[in-house]
Number of protein chains: 2
Amino acid sequence: MRIGIIGGGAIGLLFASHLSEKHNVTLYTHTADQASIIQRDGIRLIADGENRLLTGIISKGLDEGISDVDLLIVAVKQYHLPQILPRIKGIKVPLLFLQNGYGHISYLKQLQSPTIYVGVVEHGALKHDGNTVEHTGLGITRIASFRGELGQLSLVNERIDHFPFTTSEDFHSMLMDKLVVNAVINPLTAILGVENGGLITNSFHYQLFQDLFGEISGILEVQNKDESFEHVKSVCMATAENRSSMLKDLENGRKTEIDAILGHILSEAKSKGKSDCLTSSLYKMVKGKESQGG
Amino acid sequence: MRIGIIGGGAIGLLFASHLSEKHNVTLYTHTADQASIIQRDGIRLIADGENRLLTGIISKGLDEGISDVDLLIVAVKQYHLPQILPRIKGIKVPLLFLQNGYGHISYLKQLQSPTIYVGVVEHGALKHDGNTVEHTGLGITRIASFRGELGQLSLVNERIDHFPFTTSEDFHSMLMDKLVVNAVINPLTAILGVENGGLITNSFHYQLFQDLFGEISGILEVQNKDESFEHVKSVCMATAENRSSMLKDLENGRKTEIDAILGHILSEAKSKGKSDCLTSSLYKMVKGKESQGG
């Protein structure tokens, strides 16, 4: 299969390197510089302390336009989607969107492709440089259909080592599950400056963890609150030593995904007239720290 | 006048050095070590880039007991008061308490002295070592009576260079004004990691500043909210480049004054049934960071 991937960040590089084992991959990057390095040297994938060099991946700057592909994966951050959309609006091939949060869903309706999937990536990935990515946590990619038949996506029936796929029936609940996890863990770890496990082991942090889960699950009208709470807690413990992406973004003076993650929740709270005191305070704290630039 | 001062922290050292110019000062410290250094070498006062060595201050460990004095100033942190109280419970001379917050007021009723004053210190002071203190910000000390006549306190009619005193009619409103300032500036700067001015210049931080002032002034039923808000803001701007004591405490892994400052406000909110979402979240954040130990 010819697979196009838009985005040369950690997730784009991770998908390009793993999918290139069985597919013909073209990676579209924001800068022509990054594309030419990948085109020349391939992508270096670090996993379990081993280095693998994956060559044979075609890479182009996005400005060159998108060639014919059978599946186009959009792996840019949610806040970069608006600049990508004009390029993919008229494309008719199946599209797969891998953004965090829920904010990207509102963009998808304006696309012409009859087949649109959304995915949730549960892998850990760290970009070292323009053509090096470390697979820091082995997870799974969940895919659900936003529009069209999920059965058409052969990816989910393949076996790629260390890179499993699974399907979800309902894109809304799939994204919501991930959103609740991200919305509780990311802002708190970013503001408190702790690894994920610190939210559980520090009794004051754990009170905030419970408070924030309570507020967010109320705003999103989560059906099975106990089960959802235990899920968020189990993710925290399974990734106890990880520093969340939002914490790392703030520490490095980078833009965070706070709008994608808490923005949707705040607009839901507003439209439903629900209390959002802690969520909106954390939103302002992260935005304020982000604008300080680390 | 014979003045006893309990507490060898920044405020105790600052008061001892300035008051020793006109008075016979005895400084009671927690450790005998600190007392013997001060007894031997005096106190070094740094102000405006100049060093002054003040000798002739008597210093003793608190365990040696308190000698006859005409005024006893209690300059320990609020959280150390419970261990000091048994030693001063039966003392009949005038007492002056210099703690932040409002929590110490509840302790004063059990004391036997017929004359009890409370003070609010608006000086900036930084302790460099056991007998060195820097006067980092010239301010004023406000004194009000908790019990007995204020007219008996000759201190407020004296002129000591760079160390003015003034009186306030009502101890409650005097402490409340300072409490609102501390309760807004300290926790926010501590959690956001900014100098005081950052709360005004960063638009997201300023929203939090407004939110927190609104919540706290509601809980404390502040009478003139606009005037009080402008006061807190003016303190923030006048001390724009200062790092608050709570921020420095957290950065250095020290205990903060969060209980003295937000504890009283949270118990007021509880007894009045008022919303305290942001105050209690900031309380938990500071307590959590404090228990991480920096």
Side-chain angles (χ1 to χ4, degrees), chain A residues 184 187-216 218-219 236 240 243 247 250-253 255-256 258-259 262-263 266 269 274-294, chain B residues 184 187-216 218-219 236 240 243 247 250-253 255-256 258-259 262-263 266 269 274-294:
Chain A
V184 173
L188 283 178
T189 52
I191 293 303
L192 298 168
V194 290
E195 296 167 351
N196 295 355
L199 297 184
I200 311 295
T201 54
N202 180 309
S203 66
F204 293 103
H205 294 170
Y206 187 57
Q207 285 178 48
L208 290 160
F209 177 91
Q210 290 170 301
D211 294 345
L212 184 59
F213 175 84
E215 188 173 287
I216 284 174
I219 293 169
C236 237
R243 297 176 88 70
L247 173 57
L250 281 191
E251 286 175 337
N252 293 301
K255 191 170 165 69
T256 69
I258 192 71
D259 281 297
L262 292 190
L266 289 173
K274 299 212 177 200
S275 161
D276 63 2
C277 166
L278 185 50
T279 310
S280 80
S281 298
L282 283 164
Y283 177 82
K284 291 168 197 165
M285 288 178 187
V286 172
K287 292 293 274 188
K289 285 201 156 211
E290 191 181 73
S291 68
Q292 274 167 245
Chain B
V184 173
L188 284 178
T189 51
I191 293 304
L192 298 168
V194 290
E195 296 167 351
N196 295 356
L199 297 183
I200 310 295
T201 54
N202 180 309
S203 66
F204 293 103
H205 294 169
Y206 187 58
Q207 286 178 47
L208 289 160
F209 177 91
Q210 291 171 303
D211 294 346
L212 185 58
F213 175 84
E215 187 172 287
I216 284 174
I219 293 169
C236 238
R243 296 177 89 71
L247 172 57
L250 282 190
E251 286 175 337
N252 293 300
K255 189 171 169 67
T256 70
I258 191 72
D259 281 297
L262 292 190
L266 290 172
K274 299 212 177 200
S275 160
D276 64 2
C277 166
L278 185 49
T279 310
S280 80
S281 298
L282 283 164
Y283 177 83
K284 291 167 197 165
M285 289 178 187
V286 173
K287 292 292 274 188
K289 286 202 156 209
E290 191 181 74
S291 68
Q292 274 168 244

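All chains are named by letter (A, B, ...) in the order of the sequence lines, taking the proteins before the strands, and each is independently numbered beginning at 1. These figures come from a predicted structure and were not determined experimentally.
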> Considering all heavy atoms of both residues, which atom of Cys277(A) and which atom of Leu278(B) are nearest to each other, and what is their separation?
Replying inline: SG-N, 3.7 Å
> Of all residues at least two apart in sequence or in a different chain, which pass the side-chain hydrogen bond (donor to acceptor under 3.5 Å, both in side chains) check with Ser280(B)?
Replying inline: none
> By a 4.5 Å heavy-atom criterion (distance strictly below it), what part of Val286(B) contacts chain A: side chain, backbone, both, or neither?
Replying inline: neither
>> Can you list everything that forms a side-chain hydrogen bond (donor to acceptor under 3.5 Å, both in side chains) with Thr189(B)? Sequence neighbours excluded, please.
In response: Ser244(B)
>> Test your reading of the model: is there a side-chain donor-acceptor pair from Lys274(B) to the backbone of Gly218(B), 3.5 Å cut-off?
In response: yes
> Quick one: what part of Leu282(B) sits under 4.5 Å from any heavy atom of chain A, side chain, backbone, both or neither?
Replying inline: side chain
>> Please rank Glu215(B), Met285(B), Gln207(B) by heavy-atom pairs under 4.5 Å with chain A and give me the top one.
In response: Met285(B)
